[in-house]
Protein chains: 2
Amino acid sequence: MREPSTLSEVAELPESDTDAKPPRRSRAESREQAINQIIDIATNEFVEKGLAGARIDEIAGKATKRKIYYYFEGKDELYRAVLARAYAQVRESEAEVDIESGNAAEALRRLIEHDVHYHARHPELVRLVMNENIHRAEHLKQIPTLPQGNRRVIEILQAILSRGEAEGLFRAGIDPVDLHLNLTALSFYNVSNQFTFAHNFGVDMTSDEAIARRAQQVGDIILAWVTKKD
Amino acid sequence: MREPSTLSEVAELPESDTDAKPPRRSRAESREQAINQIIDIATNEFVEKGLAGARIDEIAGKATKRKIYYYFEGKDELYRAVLARAYAQVRESEAEVDIESGNAAEALRRLIEHDVHYHARHPELVRLVMNENIHRAEHLKQIPTLPQGNRRVIEILQAILSRGEAEGLFRAGIDPVDLHLNLTALSFYNVSNQFTFAHNFGVDMTSDEAIARRAQQVGDIILAWVTKKD
DNA sequence: CATTTATGTAACGAACTAGTCCCTAACAAT
DNA sequence: ATTGTTAGGGACTAGTTCGTTACATAAATG
């Protein structure tokens, strides 16, 4: 066993895993934890101020700043890491939506509900995407892992559209990319533009009730559009 | 904007001019022209880089920089001026839409067409609004002239909705603010998010055909939603 | 002509900021 | 324990950015 060194050594038990404060974190664990912590903090800052507006010195105290340059090449790579994780989390959540049970209209409504709620509850994603668009997606383009995840959404929508058509519920000839565009536009805008809209029209769009109402309405709109009428 | 008025343009000479040596440029004219020129240049820069990303020294050469500090208090006031002019121009264009002729559905479609085209042809407005939302509308809130212009849009939509209901075309109970939200969301998103969307799904949304198609589709969607079915 | 207004050029310094250096602590292997 | 490696704390730096001033001068005004 080791002698407790005078400074910051607290009784450390090598094997017996009491959930004591300094559990022996392996290097890999510690590393991953540090990186995630940095991305957490950086997400807040980038989301708040954008890439150019964010200040490394405010993302972090002196200490964390040093870590940033230890684990990342610099501000830009950190920003890309923030972006990549946010997108990865969206994809993850999308994979969990049930698009099997019920008829196609019900499945589509579930997807819409999910979209509206996800955007409303994850304004940080919305803001990051806005930021990317202000920068003409130049950072997004440097992240190689994204394209396939996006194709999946289209496949899902295509499947629902085909099923709905087969069930005699939906019109034919609806482009799944159009559907995705409209669906996302209606879920995205009221988060992305909440501040100007709230100011200009004096409405709140952030309450649970407002979000639930929004999800309902977006469902109504999209379904009115795709539904076969006769 | 006014006449270019290089030389020999008469500004105002009602009384005290015998043989009228034409003044070259009046102070007021020159001033207005200088301000507009600065706002032109600044709009480009802010639209491209955002408020924090924009660099005064790049907005202007040394000369124009001097003018900026002559006519504006600084970067922030210049930014507000850019914002205010962009909004003023939207309002101006909205006032020109014909919402009288034809039935309510036709009037609404004309309004939608206008919205889609205006957003598509004025990405600088879209970008400024995005920027404002990233900054939680803090600069917009400092511009006092906006609220009434926005109320006008709602009044217009309310008028169309009432007329449509009276004509037996539209459902009752549609909130004009909701209508505006949905309408704008569908016109705004495909401009605001064109870069991420184009990258993720490989589509172009900027061609004249794409815009015309978009206008048509947004019209279809909104009308499907508000139309009374029976 | 004299005065005021506008503008071109340059320079400056204070404040910031991204990124780096040096050194120590924690951990791992021997 | 000794030694080497990984991680990180604190201060520093080199380079920008911004706002401002000084100065000259041109143009409009009276």
Side-chain angles (χ1 to χ4, degrees), chain A residues 1-15 20-38 41-42 45-46 49-82, chain B residues 5-18 20-38 41-42 45-46 49-79:
Chain A
M1 282 298 149
R2 295 186 296 159
E3 286 284 322
S5 68
T6 47
L7 282 178
S8 51
E9 183 57 69
V10 198
E12 186 180 311
L13 309 174
E15 246 98 285
K21 201 71 174 283
R24 222 204 180 113
R25 291 176 311 181
S26 77
R27 285 256 154 100
E29 266 178 313
S30 167
R31 176 191 172 81
E32 198 171 333
Q33 197 176 321
I35 288 177
N36 269 313
Q37 184 210 352
I38 291 169
I41 301 171
E45 186 75 4
F46 284 130
K49 315 251 186 89
L51 176 58
R55 300 291 162 240
I56 291 280
D57 282 322
E58 290 184 24
I59 290 177
K62 301 278 182 185
T64 312
K65 183 179 180 180
R66 184 64 190 78
K67 285 194 208 174
I68 290 172
Y69 287 98
Y70 188 79
Y71 290 110
F72 300 92
E73 275 177 24
K75 200 187 189 184
D76 282 20
E77 203 205 311
L78 175 57
Y79 177 76
R80 286 195 296 273
V82 166
Chain B
S5 93
T6 47
L7 291 170
S8 71
E9 172 63 271
V10 181
E12 37 185 302
L13 59 156
E15 64 253 40
S16 68
D17 253 320
T18 44
K21 275 303 180 215
R24 289 147 222 187
R25 272 181 304 180
S26 78
R27 287 257 152 94
E29 264 181 310
S30 167
R31 177 191 171 80
E32 197 173 334
Q33 196 175 320
I35 288 178
N36 269 313
Q37 184 210 351
I38 292 169
I41 301 171
E45 186 75 4
F46 285 130
K49 315 251 186 89
L51 176 57
R55 300 288 161 245
I56 290 279
D57 283 320
E58 290 182 23
I59 290 177
K62 300 280 181 185
T64 311
K65 183 180 178 180
R66 182 69 189 72
K67 286 193 208 173
I68 289 172
Y69 287 100
Y70 188 79
Y71 289 110
F72 300 93
E73 275 177 25
K75 200 187 190 184
D76 281 20
E77 203 205 312
L78 175 57
Y79 177 76

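Below, read A as the first sequence line, B as the second, and so on, with proteins coming before strands; counting in each chain starts at 1. The model shown is predicted, which means the values in this text are computed figures rather than measured ones.
The CG-P distance, from A:Asp57 to C:dT20, rounds to 14 Å in whole Å. Distance, B:Glu45 CD to D:dC18 C1': 14 Å, rounded to whole Å. The nearest whole Å value for the distance from the OH atom in B:Tyr69 to the P atom in C:dG8 is 16 Å. Atom-to-atom, CD1 of B:Ile68 to C1' of C:dT9 comes out at 15 Å; the value is rounded to the nearest Å. The interatomic distance linking A:Ile59 (CD1) with C:dT17 (C1') rounds to 12 Å, in whole Å. One can place CD1 of A:Ile56 at 13 Å from C1' of C:dC16, the figure rounded to the nearest angstrom. Here D:dT17 presents its P atom at 15 Å from CG of B:Leu51, a figure rounded to the nearest Å. Counting to the nearest Å, the C1' atom of D:dA7 and the CD1 atom of A:Ile38 are 11 Å from each other.
Using a 4.0 Å cut-off, no side-chain N or O of A:Lys65 falls inside it from OP1 or OP2 of D:dG9. For D:dC18, one of the phosphate oxygens OP1 or OP2 lies less than 4.0 angstrom from a side-chain nitrogen or oxygen of B:Lys75. Contact annotation: A:Arg31 does not reach the phosphate of D:dT6 (side-chain N/O to OP1 or OP2, under 4.0 Å). Contact between the side-chain N/O atoms of B:Arg66 and the OP1/OP2 oxygens of C:dT9 is not found at any separation under 4.0 Å. Side-chain N/O atoms of B:Tyr70 include none lying less than 4.0 angstrom from OP1 or OP2 on C:dT7.
Positionally, the nearest nucleotide of DNA chain D for A:Thr64 lies more toward the 5' end than for the other of A:Thr64 and B:Glu58.
Within the 4.5 Å cutoff, the side chain of A:Arg55 has no heavy atoms near those of the A:Lys49 side chain. Residues A:Ile59 and A:Thr64 have side chains not in contact (no heavy-atom distance under 4.5 Å, counting atoms from C-beta outward).
Here the shortest heavy-atom pairing between B:Lys75 and B:Phe46 reads O-CZ, 4.1 Å.
Residue contacts for B:Lys62: at a heavy-atom cut-off of 4.0 Å it reaches a base atom on one of the strands shown. Heavy atoms of B:Gly74 sit nowhere under 4.0 angstrom from any nucleic acid atom. When heavy atoms are screened at a 4.0 angstrom cut-off, B:Tyr71 is found touching the sugar-phosphate backbone but no base atom. B:Ala54 comes within 4.0 angstrom of sugar-phosphate atoms only, judged by non-hydrogen atoms across all strands, and of no base.
The distance from atom NZ of B:Lys65 to atom OH of B:Tyr69, rounded to the nearest 0.5 Å, is 6.0 Å.
For A:Glu77, the CD atom counts as densely surrounded, since its 6.0 Å shell holds more than 12 non-hydrogen atoms of other residues, nucleotides or ligands.
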